[in-house]
Colleague: 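Before I ask anything, let me first share the structure, which is written out below as structure tokens.
Fair warning: this is a prediction, and the values are worked out from it, not measured in the lab.
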Amino acid sequence: IKYFENRSVVNDEYVQIDFTLQSADTTLVFSENYILPLNISIPVLNGNDVNYHLWHSPFHNDISKLLICIPGLETDIKLFYPIAFELVKNGYSICFMDLREKRNSFNQKLTRSRLNNEITDLEMFIEFYKEQFEVENLNIAIYGISVGGVIGLNYINSTNENIKSLITEGLPYNLQSTYN
């Protein structure tokens with residue numbers, strides 16, 4: 001899979017992203033999508049930070065709808081962009097949560113001290129989001145690929161949060177079908 005991304009700053013708050021995703025069977029082109037990107041770092045006990053990327057729509061103010069995207073071990077976070085683009089246009093906030101110790105991850109330098117670190121990372125982000133954006137009734141969807149789906153399933157079994165949807169996908173996946 002190849003990704004081509006071009007970001008241009010529209011103003012001090014949001015950016016325009018043009019994005020093309022190519023695989024052996026599909027080319028998907030997404031153009032002129034406006035997002036308000038936020039990089040979030042949440043400190044953990046060992047003095048490091050867990051990093052997340054959050055997209056909001058600069059044109060919708062309902063931040064109670066949140067999709068959390070969790071990749072697999074060999075999955076690039078950009079694989080979620082086609083779905084994220086459409087959902088941002090419809091007013092959803094999108095969190096990209098990458099795995100610890102994963103190559104080319106924005107959490108690559110974080111180690112796993114126990115098996116369920118990513119579940120704890122997911123819990124931390126949701127609590128941060130609710131507190132930071134003052135959201136009482138958060139409607140959450142989780143989209144996980146491979147081990148990301150396993151993290152989502154385990155989180156659902158351990159929480160009382162309002163999880164509206166869980167989407168899991170394994171390999172091989174069909175990008176056009178997923179997008180549709």
Colleague: Atom CG in Asn139, atom CD in Glu161: separation rounded to 0.5 Å?
Modeller: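 Reported to 0.5 Å precision, the distance equals 10.5 Å.
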
Colleague: Can Arg100 and Val44 be said to form a side-chain contact (heavy atoms from CB on, under 4.5 Å), step by step?
Modeller: CA-CA 13 Å; Arg100 294 175 179 227; Val44 290; 3.9 Å; yes

Colleague: Compute the centroid of each ring, for His56 and then for Phe133, and state whether the two points are separated by less than 6.0 Å.
Modeller: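 Centroid distance His56-Phe133: below 6.0 Å, so yes.
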
Colleague: Give me the atom names and distance for the closest heavy-atom approach of Ile42 to Ile40.
Modeller: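 In this case the closest contact between Ile42 and Ile40 is CG1-CG2, 4.0 Å.
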
Colleague: Looking only at non-hydrogen atoms, find the nearest pair between Pro43 and Asp49 and report the distance.
Modeller: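 Heavy atoms only, the tightest pair is CA-OD1, 3.3 Å.
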
Colleague: Which distance, rounded to the nearest 0.5 Å, do you find between the OG of Ser146 and the CD1 of Ile70?
Modeller: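 That separation rounds to 12.0 Å.
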
Colleague: How close do Asp62 and Lys65 get, heavy atom to heavy atom, and via which atoms?
Modeller: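 Closest approach of Asp62 to Lys65: OD2-CE, 3.9 Å.
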
Colleague: Show your reasoning for whether side-chain contact (heavy atoms from CB on, under 4.5 Å) applies to Glu118 and Met97.
Modeller: CA-CA 9 Å; Glu118 277 84 1; Met97 184 187 123; 3.9 Å; yes

Colleague: Any side-chain heavy-atom pair from Asp98 and Pro71 closer than 4.5 angstrom?
Modeller: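 Asp98 vs Pro71: side chains touch.
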
Colleague: With a 4.5 Å heavy-atom cut-off, do Thr159 and Ile126 have their side chains touching?
Modeller: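 Side chain of Thr159 against side chain of Ile126, heavy atoms only: no contact under 4.5 Å found.
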
Colleague: Mind listing the closest non-hydrogen atom pair of Tyr52 and Cys95 along with its distance?
Modeller: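 For Tyr52 and Cys95, the tightest heavy-atom pair comes out as CD2-SG, 4.1 Å.
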
Colleague: Tell me the closest heavy-atom pair linking Cys69 and Leu67, and the distance in Å.
Modeller: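 Scanning both residues completely, I find the closest heavy atoms to be SG-CD2, 3.8 Å.
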
Colleague: Just so I know, are the side chains of Asn116 and Asn154 near enough to count as touching, which here means a heavy-atom distance under 4.5 Å?
Modeller: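 Sidechains of Asn154 and Asn116: no contact.
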
Colleague: CD1/Ile142 to CD1/Ile163 distance, rounded to the nearest 0.5 angstrom?
Modeller: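 Here the interatomic distance stands at 4.5 Å.
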
Colleague: Do side-chain atoms of Ser158 reach the backbone of Tyr155 as a donor and acceptor pair under 3.5 angstrom?
Modeller: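 Checking the backbone N and O of Tyr155 against the side chain of Ser158, a donor-acceptor pair under 3.5 Å is found.
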
Colleague: Rounded to the nearest 0.5 Å, what separation is found between the CG atom of Asn162 and the CD atom of Glu136?
Modeller: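 Going from CG on Asn162 over to CD on Glu136, the span is 13.0 Å.
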
Colleague: Given side-chain contact (heavy atoms from CB on, under 4.5 Å), test Tyr129 with Ile63 step by step and report yes or no.
Modeller: CA-CA 9 Å; Tyr129 188 91; Ile63 54 173; 3.5 Å; yes

Colleague: Kindly check if the number of other-residue, nucleotide or ligand heavy atoms within 6.0 Å of OH (Tyr92) is above 12?
Modeller: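 Incorrect, the count does not exceed 12.
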
Colleague: Looking at Gly72 and Val147, what are the two nearest heavy atoms and their distance?
Modeller: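 Heavy-atom minimum between the residues: CA-CG1, 3.8 Å.
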
Colleague: Begin from the C-alpha positions of Leu66 and Phe125 and carry the test side-chain contact (heavy atoms from CB on, under 4.5 Å) through to its verdict.
Modeller: CA-CA 11 Å; Leu66 174 67; Phe125 176 79; 3.9 Å; yes

Colleague: State the CG-CG distance between Asn51 and Asp121, to the nearest 0.5 angstrom.
Modeller: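 One finds 10.0 Å between CG of Asn51 and CG of Asp121.
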
Colleague: Classify the ring geometry of Tyr81 against Phe96: parallel below 30°, tilted from 30° to 60°, perpendicular beyond 60°.
Modeller: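 Tyr81 and Phe96: tilted rings.
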
Colleague: In Å and rounded to the nearest 0.5 Å, what is the CD1 to CG distance from Ile94 to Leu38?
Modeller: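 If I round to the nearest 0.5 Å, the distance is 12.5 Å.
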
Colleague: Tell me, yes or no, whether the heavy-atom count around Asn137 atom CG, taken from other residues, nucleotides or ligands under 6.0 Å, exceeds 12.
Modeller: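 Open: at most 12 neighbouring heavy atoms sit under 6.0 Å from CG of Asn137.
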
